[in-house]
*Asks:* 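I'd like to ask you about the structure that follows.
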Amino acid sequence: VSISPTLAEFTAEATAFVSSHARPRTDEFVWGKGSDVIPFFDGVDDEHVAIVKAKGWAQTRFDAGFGWVAGPAEYGGRGLPMPYDLAYRIVESEFDVPDTSHLELGMGMVGPTVLAWGTPELREKFLRALYRGDLVACQLFSEPEAGSDLAAVKTTAVRKDEGWLISGQKVWTSDAQHSQLGLALTRSNPEVAKHKGLTMFLVDMDTPGVQIRPLRQMTGGAHFNEVFFDDVFVPDDRRLGDVDGGWRVALTTLMNERGSVGTGPPATMAALSHRRLMALAEHVGMDRDPVTRQDLGALYTGFTIARYLDEIGRARVLSGADPGPEASVLKLMFSANLTAAATLATDLLGPSAAADTGEWGTFSWSNFLLATPALRILGGTEEIMKNVIAERVLGLPKEPAPG
Ligand SMILES: Cc1cc2nc3c(=O)[nH]c(=O)nc-3n(C[C@H](O)[C@H](O)[C@H](O)COP(=O)(O)OP(=O)(O)OC[C@H]3O[C@@H](n4cnc5c(N)ncnc54)[C@H](O)[C@@H]3O)c2cc1C
């Protein structure tokens, strides 16, 4: 079947659209010139400002037909195959557009879950709004005693009239304080095996009984939150999937964690960190030091391998296939590379990583250094990713269950 436009025509159309709104991104780096901020997690802007900018760009993009490239036309998508979606994102990653990461949970995880499991009414109500950036959404999965072992969630959902009363606590909920909508995994049946007693709901975050408490991170930002539910009434028509069928719905959400392959951040971040690290080594007079040179060389190798893996994954998706095992390996490499970069920067900076002397390009590393450990945890910890690679990619025997 021939698709119109062709991938090449679509890419040209996308390039014309993005270039009429933004300048090409450059990763030129000259020591001492321009801003020395390393945008990472806590970006340059105040989060509220960042969200306003992100929404503005998401709306422009959606209205031009690039906001939900692979989404069904009946809910506002462009109706094109997945490779077109990646092609658009590759084009966009080459331009200096507003950062839409605060909308990513809505578009990358909540949206696909609503599409897969929502009733026609829920799809109608939420999909366009999520992909147009009109709604910010959050993922209410993790709890104090349920993270890697997600099926252990304890937040309860109890039948009440035409709906449910939800009570309990979530934690590490990114962007809950900015969200209108939350995707909440709850325990509806405590009597059965833990995977079999879960139910998923779409909760309005302004419902009485929802309390959001920001958690302050060591970077100084407050990116995520504790969310408490105290008898929060959720109508039954906000349920996604079957009663007690929430585990399958949660798997859809987790499998859609977008951005693992082909969106550029590994390559972009790597280039940024490596180039900056070389300049930093030179600045502190360590560029001739053999151990520093060895560390820089090892980092360069790690970054280059990650870039090749990313390119393999991109090529697979562009040809219509699944991303393949590179996606799991890439997540691990990304966090390992950036952790190594942060360690080397700390060694080079010494005390000026911890105290602001006002010197250009030194203390500005501190946000990156303090934010990097989060990468080893979010979206599946390094240990969990290693288990996934061992069991599902390499086919090794399963990890023995604890106890
Ligand atoms: C920046 C950031 C943003 C986040 N945003 C969200 C969000 O929006 N919504 C949300 O629901 N959650 C979010 N999380 C939470 C995240 O999903 C969990 O932190 C993560 O799944 C780990 O769970 P945990 O913190 O309970 O650690 P635990 O699961 O308690 O793990 C503790 C340690 O034990 C290890 N471990 C656990 N099980 C095994 C095993 N079977 N084999 C080997 N080692 C094991 C882990 O690797 C880890 O080192 C976020 C986390 C971060 C850091």
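Side-chain atoms are counted along with the backbone in the values below, which use heavy atoms only and exclude waters and symmetry mates. Counting starts at 1 for both ligands and their atoms, following the listed order. In this text the structure is predicted, and so the values were computed from the model without any measurement.
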*Asks:* Answer whether the closest heavy-atom distance between the side chains of Arg159 and Val243 falls below 4.5 Å.
*Replies:* yes

*Asks:* With His283, which residues qualify under side-chain hydrogen bond (donor to acceptor under 3.5 Å, both in side chains), at least two apart?
*Replies:* Trp31, Glu359

*Asks:* Run the numbers on Glu145 and Lys154 for salt bridge (charged side-chain N to carboxylate O under 4.0 Å, His left out), then give the verdict.
*Replies:* CA-CA 8 Å; Glu145 290 177 57; Lys154 288 184 177 158; 3.1 Å; yes

*Asks:* Going by the order shown, which atoms of ligand 1 are within less than 4.0 Å of some heavy atom of Ala374?
*Replies:* 1 (C), 53 (C)

*Asks:* For Ile384, take its heavy atoms, then give the atoms of ligand 1 lying under 4.0 Å from any of them.
*Replies:* 38 (N), 39 (C), 40 (C), 41 (N)

*Asks:* Going by the atom numbers of ligand 1, which of them fall below 4.0 Å from some non-hydrogen atom of Phe141?
*Replies:* 11 (O)

*Asks:* Counting only nitrogen or oxygen atoms and a 3.5 angstrom limit, does Glu143 reach ligand 1?
*Replies:* no

*Asks:* Do the rings of Phe66 and Tyr88 sit parallel, tilted or perpendicular, given the 30° and 60° boundaries?
*Replies:* parallel

*Asks:* Going by heavy-atom distance to atom 23 (O) of ligand 1, choose the closest among Gly147, Ala152, Pro373.
*Replies:* Gly147

*Asks:* Check Phe95, Phe17, Phe62 against Trp57 for a ring pair (Phe, Tyr, Trp, His ring centres under 6.0 Å) and give me the one that passes.
*Replies:* Phe17

*Asks:* Mind jotting down which residue pairs meet the side-chain hydrogen bond (donor to acceptor under 3.5 Å, both in side chains) criterion with at least one end in residues 243-253? Sequence neighbours excluded, please.
*Replies:* Thr113-Thr253, Trp117-Thr252, Ser188-Asp244

*Asks:* Give yes if a backbone or side-chain nitrogen or oxygen of Thr173 is under 3.5 Å from a nitrogen or oxygen of ligand 1, and no if not.
*Replies:* no

*Asks:* Numbering the atoms of ligand 1 from 1, which are under 4.0 Å from a heavy atom of Thr381?
*Replies:* 22 (C), 46 (C), 47 (O)

*Asks:* Which bit of Asp175 gets closer than 4.0 Å to ligand 1, counting heavy atoms only: side chain, backbone, both or neither?
*Replies:* neither

*Asks:* Polar contacts were defined as any N/O atom of the residue lying under 3.5 Å from an N/O atom of the ligand; does this apply to His223 and ligand 1?
*Replies:* no

*Asks:* Return yes or no for this condition: an N or O of Glu383 is under 3.5 Å from an N or O of ligand 1.
*Replies:* yes

*Asks:* Any idea how Trp360 and Phe29 line up, ring-wise: parallel (<30°), tilted (30 to 60°), or perpendicular (>60°)?
*Replies:* tilted

